[in-house]
Amino acid sequence: MNIDKIIYNAVGKALKELYQSEAGGNQIQIQNTRKDFEGDVTIVVFPFLRFSKKPPEETAEEIGRHLLAHVKIIKSYNVIKGFLNLVIGNGYWLNILSEAYSTERYGIAPQEEKPELAMVEYSSPNTNKPLHLGHVRNNLLGYSISEILKANGKKVVKTNIVNDRGIHICKSMYAWQKWGEGKTPENSGMKGDHLVGEFYVEFDKHYKAEIAGLTEKGLTKEEAENQAPSILGARELLRKWEAKDEETVGLWKTMNQWVYAGFDVTYKKLGVDFDKIYYESDTYLVGKDEVLRGLEEKIFYKKDDSSVWADLTKEGLDQKILLRNDGTSVYMTQDIGTAKMRFADYPIDKMVYVVGNEQNYHFQVLAILLDKLGFEWGKDLYHFSYGMVELPSGKMKSREGTVVDADDLVEGMVKVARNMSIELGKLDTLSEEEAEKTYRMIALGALKYFILKVDPKKNMLFNPEESIDFNGNTGPFIQYTFARIQSVLRKADDSNIKVKNTFDISSFSDKEKGILKRVSLFPGIIKEAGDNYSPAVIANYCYELVKEYNQFYHDHSILSEPDGEIRNFRLILSSTVGKVVKTGMDLLGIEMPDRM
RNA sequence: GCCCCGGUAGCUCAGCUGGAUAGAGCAACUGCCUUCUAAGCAGUAGGUCAUGGGUUCGAAUCCCGUCCGGGGUACCA
């Protein structure tokens, strides 16, 4: 049983017997003892004063005496002001250690008997340009949250909704037809998503020039924007597409395939994947049908210009458009359709949308609309809302060319990792292929950790110039410590040091105990991360554990200790820490190299 | 205007279901490579937790006001 729970129950019993009072809920506060005081677990006694009607010190003293007499694992206690510090006996910690040591993936809950099915939507790209830094944060969070939910016993379906239709892709198509000169990924050697993205930029360039020309001729800005030949061409393509014109649909398919091939490479690089992919070209008509049904059932209403609306004033919100006056869908319509299809495909208990916080309002509305339409899961959808990634120059803007491309970013990181490793001469003994694999692990470790350690809901700043640190609270530091642990275990193995599963030492240091305490709390951390949908909880926890481990073992030789028991104890502790850290990093999608 | 989120060291971030002296890393400075690996370790310096009030034995943490920053706000996705 968890130490907090044992103490909690014991304190409750003590209060009952000493003061005949029922304390419950959060009146009993258990916390880890601060490093500077003696003890492992601390009870805050201030809340009990109203029961004891005695000064804090005296109350703490009485409870301490009672606990010492009744709870076996408590070795001693001390009182400082209103804080009762308990010292837990070594036996308890040794149990924790051997339990953790013998567990395969430490801290991972087995899947529940009847697991809840959670569907996690993330990534959700447009098909007119490559993935950028913002998508990277989205992808890493989505993947990690899925893994954390699994670790908490849920069944998870990872899904991606691809926004493959609309004016944006038509712009790229128009530019390709007009100025593409038959370029393809094959004959240009370019990644498909980058190629299509280039035509999107090309379109914008011409479009802007045309607007400038037209305004010079005396048109207003708005007139110019609506009369420029480029935009008319793109709109024409959209109309043709909706009318299922063969040639247009053919080009649309071809260019989207290029993009998908490019995305696949990026996803693979990032180590993320999906169980089921939805396309908006399939779902938007379903959404339209649902809205029309809602209209028939008088849930929605039609305005004079024949656009369809939902009135949410009763919910304290505004009115929301669902179909334009020409009958075409808006974003919301598509999301309704997508939701309907998903719930038809899977028995979903919990739907999680990993989407930026700029869309908080959208999801608030979506939940209400789905509820109104009679989907019972509607109001339970969870919008996992994360903050934006900002650059030193401010927000990323694709038009201003301040976007950090995902592929460039990863390759840049690999280059830094390679240069640094070669400079340090770290991986000289490895084959080129193995070394290259390790550079990639380190680069991705740095990038992923850098992004995931930040509280997801907060905006974060990313400075591509300074790139990312490999020192301090970083992925590589954790990977490095893991690699050292592997090294210790290899050496122990080579020198035939036998690691026994049973051991007994009379005492160990506060530092060792501190490491054990952290290890013992790890399953709770995974749970907390799941409840809060926050990989950052795990990241920062693992850093603290690794730092503590590193500080302690740096100055101690494990392999040349004269005393076999101590040696084995430390080996087992090392191995356990390695296991815990590896588990934590798995949940973040970070690979752990054996050497670096 | 209205709604939501944020403000902690020079910089990037932890800590926030109220608890003891607010923590890391980077940057600066000082030491440490014959032990598993210096991508490291030990140390110095750096704080009015935006600000004013309130709640209480106790507030970075909860409540209210103010200031600053970001986002959203009826036919972009």
Side-chain angles (χ1 to χ4, degrees), chain A residues 25-26 29 31 33-34 36-37 42 44-47 49-50 56 80-83 85 124 126 163 165-168 280 303 305 307-312 316-326 328-335 356-362 364-365 385 387-388 390 392 394-395 417 420-421 423-424 426 442 446 450 453-455 457-463 466 468-481 483-492 536-537 539-541 543-544 547 550-561 571 574 595-596:
Chain A
N26 49 15
Q29 295 173 46
Q31 51 194 263
T33 304
R34 286 180 67 111
D36 344 296
F37 300 98
T42 294
V44 184
V45 303
F46 290 109
L49 301 185
R50 38 192 277 237
I80 295 166
K81 290 194 267 179
F83 299 92
N85 300 322
S124 312
N126 286 359
N163 186 14
R165 62 162 284 280
I167 191 72
H168 53 86
E280 268 180 4
K303 278 196 182 172
D305 68 353
S307 53
V308 179
W309 295 74
D311 183 359
L312 304 177
L317 302 174
D318 287 330
Q319 323 232 339
K320 190 79 193 169
I321 189 161
L322 299 175
L323 287 178
R324 296 192 187 92
N325 57 19
D326 60 0
T328 55
S329 320
V330 294
Y331 179 36
M332 188 63 73
T333 328
Q334 299 174 17
D335 261 354
N357 62 13
E358 66 216 340
Q359 292 187 31
N360 286 354
Y361 184 69
H362 173 81
Q364 206 183 334
V365 173
S385 156
M388 347 217 76
E390 281 158 11
K395 210 185 158 183
M420 200 175 285
S421 301
E423 196 181 312
L424 292 169
K426 286 282 194 171
I442 295 166
F450 184 87
K453 78 171 175 187
V454 180
D455 185 347
K457 69 171 189 282
K458 289 189 181 172
N459 288 1
M460 64 176 289
L461 191 102
F462 185 92
N463 189 342
E466 293 170 16
I468 297 178
D469 275 327
F470 287 66
N471 302 317
N473 185 0
T474 65
F477 173 72
I478 293 173
Q479 290 172 317
Y480 169 73
T481 307
R484 275 184 44 177
I485 288 173
Q486 296 314 300
S487 173
V488 168
L489 298 177
R490 268 197 306 275
K491 287 258 159 79
V537 172
N540 288 297
Y541 188 84
Y543 171 67
E544 280 169 27
K547 189 174 161 62
N550 223 340
Q551 283 172 352
F552 181 65
Y553 280 99
H554 190 271
D555 295 327
H556 292 76
S557 172
I558 294 170
L559 297 173
S560 56
E561 290 277 0
L571 274 177
S574 289
R595 293 160 213 261
M596 68 182 273

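Order of the sequence lines fixes the chain letters, A, B, ..., with proteins taken first and strands second; residue numbering starts at 1 for each chain. From a predicted model like this one, the values you see are computed outputs, not experimental measurements.
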Cation-pi between A:Lys303 and A:Trp309: NZ/CZ under 6.0 Å from ring centre and within 45° of the ring axis? yes
For B:rA60 versus B:rU66, give the span between their P atoms, rounded off to a whole number of Å. 23 Å
B:rA9 versus B:rA50 - spacing of their C1' atoms, nearest Å: 15 Å
What pairs with A:Arg34 under salt bridge (Lys or Arg N to Asp or Glu O under 4.0 Å), at least two apart in sequence or on another chain? A:Asp36
What integer number of Å spans the P atoms of B:rU17 and B:rG7? 14 Å
How far does the C1' atom of B:rG6 sit from the matching atom of B:rU61, given to the nearest Å? 15 Å
In whole angstrom, give me the gap between the P atoms of B:rG15 and B:rC62. 12 Å
Where along nucleotides 14-28 of chain B does protein come under 4.0 Å, by heavy atom, of base (B) or sugar-phosphate alone (S), with - for untouched nucleotides? S-B--BBS-SSSS--
Sequence neighbours excluded, which residues qualify as side chain to side chain contact (heavy atoms under 4.5 Å, CB included) partners of A:Ser421? A:Leu427, A:Tyr439, A:Ile442
Residues that A:Ser557 engages under side chain to side chain donor-acceptor pair (under 3.5 Å), provided they are two or more places apart: A:Ser560
Taking CZ in A:Arg490 as the centre, count heavy atoms belonging to other residues, nucleotides or ligands within less than 6.0 Å. Is the count above 12? yes
Could you encode protein contacts along nucleotides 29-38 of chain B as a string, one character per nucleotide from 5' to 3', using B for base contact, S for sugar-phosphate-only contact and - for no contact, with a heavy-atom cut-off of under 4.0 Å? ------BBBS
Pick the nucleotide of RNA chain B nearest each of A:His168 and A:Phe552; which residue has the one closer to the 5' end? A:Phe552
Using salt bridge (Lys or Arg N to Asp or Glu O under 4.0 Å) as the criterion, list what pairs up with A:Glu544, not counting sequence neighbours. A:Arg518
Whole-angstrom distance between B:rC29 and B:rU48, as gauged at atom C1': 26 Å
Restricting to nitrogen or oxygen on both sides, can you table the protein-nucleotides 69-71 of chain B pairs closer than 3.5 Å?
unit_1 : atom_1 : unit_2   : atom_2 : d
B:rG70 : O2'    : A:Asn459 : ND2    : 3.4

How are the rings of A:His362 and A:Tyr331 set relative to one another: parallel (under 30°), tilted (30 to 60°) or perpendicular (over 60°)? parallel
Answer yes if the ring centres of A:Phe37 and A:Phe83 are under 6.0 angstrom apart, and no otherwise. no
What distance, rounded to whole Å, do you find between the two C1' atoms, one in B:rC41 and one in B:rG25? 15 Å
Those residues at least two apart in sequence (or on a different chain) that pass salt bridge (Lys or Arg N to Asp or Glu O under 4.0 Å) with A:Asp469 are none
Side chain to side chain contact (heavy atoms under 4.5 Å, CB included) with A:Ala446: which residues, sequence neighbours excluded? A:Met413, A:Ile468, A:Phe470, A:Pro476
A:Lys457: which residues meet the salt bridge (Lys or Arg N to Asp or Glu O under 4.0 Å) condition with it, sequence neighbours left out? A:Asp455
Please pick, from B:rU73, B:rC75, B:rA39, the nucleotide with the shortest atom-to-atom distance to any side-chain atom of A:Tyr361. B:rU73
Under the side chain to side chain contact (heavy atoms under 4.5 Å, CB included) rule, collect the residues that match up with A:Asn126, sequence neighbours excluded. A:Asn128, A:Asn163, A:His168
Under 3.5 Å for both distances, Watson-Crick or G-U wobble, that's the pair rule; now give the dot-bracket for RNA chain B, with | marking pairs to another strand and [ ] for crossing ones. ((((((((.[[[[.)...(...]]]].(((((.......))))).....[[[[[..)....]]]]])))))))....
Given the structure, check if the side chain of A:Ser307 and the base of B:rA74 hold any donor-acceptor pair shorter than 3.5 Å. no
Integer angstrom distance from the C1' of B:rC67 to that of B:rA77: 34 Å
